[in-house]
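To start, the structure itself, in structure tokens.
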Amino acid sequence: MKINQRAREALFIGLICSISYLAVYLARNVLSTVTPGIVGSGELTKEYIGNISSLFFIFYAIGQLLNGFLGDRIKARYMMTAGLLLAGVVNLAFPYIIHTPPVAKLAYGLTGFFLSMIYAPMTKVVAENTHPEYTTKCSLGYSLASYLGSPVAGALASFMAWSSVFTVGSIALFVMAIACFVGFLYYERKGVIVHNRYKNLERVYEKPSFFEGIASLIRRRILLFAIISVLTGVVRTAVVFWLPTYFSEYLGFDPQMSAGVFTVATLLISLTVFLTVVIYKLFRRNMNLTLFATFALSALFFMGVFLVKQPVINVMFIVLAVMCANSAATVLWSMYCPSLKDTGAVSAATGFLVFIGYIASSLSSTLFATAVDNIGWGNLILVWMGLMAFGAVCILPYLFIKKKCK
């Protein structure tokens, strides 16, 4: 009965976090899915959209760093509710100001900042308030939700006017803002959710000092995982953002078909969570081997994308390449970050890792928009392959360490 109660509590926390994160990723993927139609109609240029998306990533990255530290000090109920609500307001206004560049860029940047108030505090809540048996399962749940945001946005973009898709995204954010506030308040009053729970469900932790926490994070190889965050961030964010345009320009699909293919592709990519679990168990829960295998496979599939230009096979290869890169990211976000609860800095560490990943995404999103015209899609694919190969090389020395990183 006691285990069943813990399972119910974890299920509630996991569901509210996962659905909130689905709303976040629905909202943040709208611009990507409607870009081919907007560019194709001549309303806006690809470079303009690239600049707006780049600012989004910069604001999102800075917000993750700041809100990550705040998340260790302010309750997730306040952080998540405010982020969802404010992002919904700005996102709702965005279609009406998109043709006014300075205002549009600032507004979309603010959307990124407000959405950055969700992930790090959410990870802290899960890490500190769920039984260890369910912590990773909850984390995998909202990882799955993040992958589902793209196909949901793509499906909406395939039959709705682009401005209406922004409206739907805002409504989802408003609904989840209310759900987070009410749901977390209820569980806080029951004592299930406690902010900074160092007396955990299984072990008692003493809150470490700032410098003890930093030293502990370094021992936990946070610098290596920072590199992993950068490499996977480029693929899971910048590459996926430009997929609809890639399908349209490189593979020759019309804007509506591009949106449809993007929906199917990202729906398949959402299965990454299950792929990660399979690979992780295949390598006997060895994080090092799992990371090496996923990076190496992603590089091989990107090579297939470069070599095979037949549209259907090309799409299959690029989906597999992104899935493998995202598997490495899933290890980072769903296994590594929640394991840091005894450092006293789950939110801050998570925010830092997301920050550097999105700084890389911001720079690469702008560079990709320019690179397509200068070096072509084919050479850009080789760049993506090289990034994944570099990731495999970074993990390679750790394959000879007998101790597993769990």
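Remark: K137 engages no residue in a salt bridge (charged side-chain N to carboxylate O under 4.0 Å, His left out) (not counting sequence neighbours).
Between the side chains of Y246 and N314, at least one donor-acceptor pair of N or O atoms lies under 3.5 Å. Of the N and O atoms on the side chains of T130 and T135, at least one donor lies less than 3.5 Å from an acceptor on the other residue. With no hydrogens or angles considered, a side-chain donor-acceptor pair links S143 and S334 at under 3.5 Å.
Proximity of Y48 to K105: side-chain heavy atoms (C-beta onward) are separated by under 4.5 Å at one or more points. Inter-residue side-chain proximity for M117 and F114 is flagged as met; some heavy-atom pair is nearer than 4.5 Å. Contact of the F274 side chain with the V277 side chain is not registered, since no non-hydrogen atoms from C-beta on lie closer than 4.5 Å. Side-chain contact between F352 and L65: present, with at least one pair of heavy atoms (C-beta onward) separated by less than 4.5 Å. Using a 4.5 Å heavy-atom threshold, the side chains of L156 and L26 count as touching. Side-chain contact between L66 and F113 is present, with at least one heavy-atom pair separated by less than 4.5 Å. At least one side-chain heavy atom of D72 sits less than 4.5 Å from a side-chain heavy atom of K124. Put simply, the side chain of Y336 reaches to within 4.5 Å of the side chain of L353, judged on heavy atoms.
In this structure, the side chain of T81 does not engage the main chain of Y78 through any donor-acceptor pair within 3.5 Å. Put simply, the side chain of S18 never gets that close to the backbone of L15: no donor and acceptor are under 3.5 Å apart. Side-chain atoms of T263 come within 3.5 Å of backbone N or O of G154 as a donor-acceptor pair. When atom types are taken as modelled, the side chain of S248 and the backbone of D254 share no donor-acceptor pair closer than 3.5 angstrom.
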N/O donor-acceptor pairs under 3.5 Å from side chains in residues 165-183, not counting sequence neighbours:
from	atom 1	to	atom 2	distance (Å)
T167	OG1	S163	O	3.4
S170	OG	G88	O	3.0
S170	OG	N91	ND2	3.3
S170	OG	L92	N	3.0
S170	OG	F166	O	3.2

Test side-chain contact (heavy atoms from CB on, under 4.5 Å) applied to M335 and S139, step by step: CA-CA 8 Å; M335 300 177 189; S139 301; over 6 Å; no

ring-ring contact (aromatic ring centres under 6.0 Å, His included) between F12 and Y187, intermediate numbers included: CA-CA 9 Å; F12 175 86; Y187 259 30; 4.4 Å; yes

Evaluation steps, side-chain contact (heavy atoms from CB on, under 4.5 Å), between V308 and F317: CA-CA 9 Å; V308 182; F317 275 135; 3.9 Å; yes

side-chain contact (heavy atoms from CB on, under 4.5 Å) between I193 and I13, intermediate numbers included: CA-CA 9 Å; I193 293 178; I13 295 172; 4.0 Å; yes

W384 and I318: CA distance, side-chain angles, deciding distance, side-chain contact (heavy atoms from CB on, under 4.5 Å) verdict: CA-CA 10 Å; W384 299 341; I318 203 165; 4.1 Å; yes

Candidate pair K75 and E188, rule salt bridge (Lys or Arg N to Asp or Glu O under 4.0 Å), full reasoning: CA-CA 10 Å; K75 290 183 178 180; E188 284 174 15; 3.6 Å; yes

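Here I38 contributes atom CD1 and T245 contributes atom OG1; the two are 10.0 Å apart, rounded to the nearest 0.5 Å. To the nearest 0.5 Å, atom OH of residue Y358 and atom OG of residue S116 are 10.5 Å apart. Separation of atoms SG (C324) and CZ (F302) is listed at 9.5 Å; rounding is to 0.5 Å. Taking CD1 of I227 as the start and CZ of F390 as the end, the distance is 5.5 Å to the nearest 0.5 Å. In this structure, CG on L243 lies 6.0 Å from CZ on F262, to the nearest 0.5 angstrom. Atom CG of residue N286 and atom CG of residue L399 lie 7.5 Å apart, to the nearest 0.5 angstrom.
For residues 317-328, the set of pairs meeting the side-chain hydrogen bond (donor to acceptor under 3.5 Å, both in side chains) definition, not counting sequence neighbours, comprises T276-S327.
Because its NZ or CZ atom is both nearer than 6.0 Å to the ring centre of Y60 and within 45° of the ring axis, R28 counts as a cation-pi partner of that residue.
Heavy atoms only, all atoms of each residue included: M79 and N67 are closest at CE-O, 3.6 Å. Contact between M257 and F253 at its shortest, heavy atoms only, is CG-CD2, 3.5 Å. Taking each heavy atom of A296 and A392 in turn, the nearest pair found is N-CB, 4.0 Å. Closest approach of T350 and A120 over heavy atoms only: CG2-CA, 4.2 Å. Heavy atoms only, all atoms of each residue included: A349 and I222 are closest at CB-CD1, 4.2 Å. Nearest approach of M388 to A325, heavy atoms of both residues: SD-CB, 3.6 Å.
Ring geometry for W377 versus Y250: interplanar angle of 30 to 60°, hence tilted. Ring geometry for Y142 against Y21 counts as perpendicular: the plane angle is over 60°, on a 0 to 90° scale with 30° as the lower cut.
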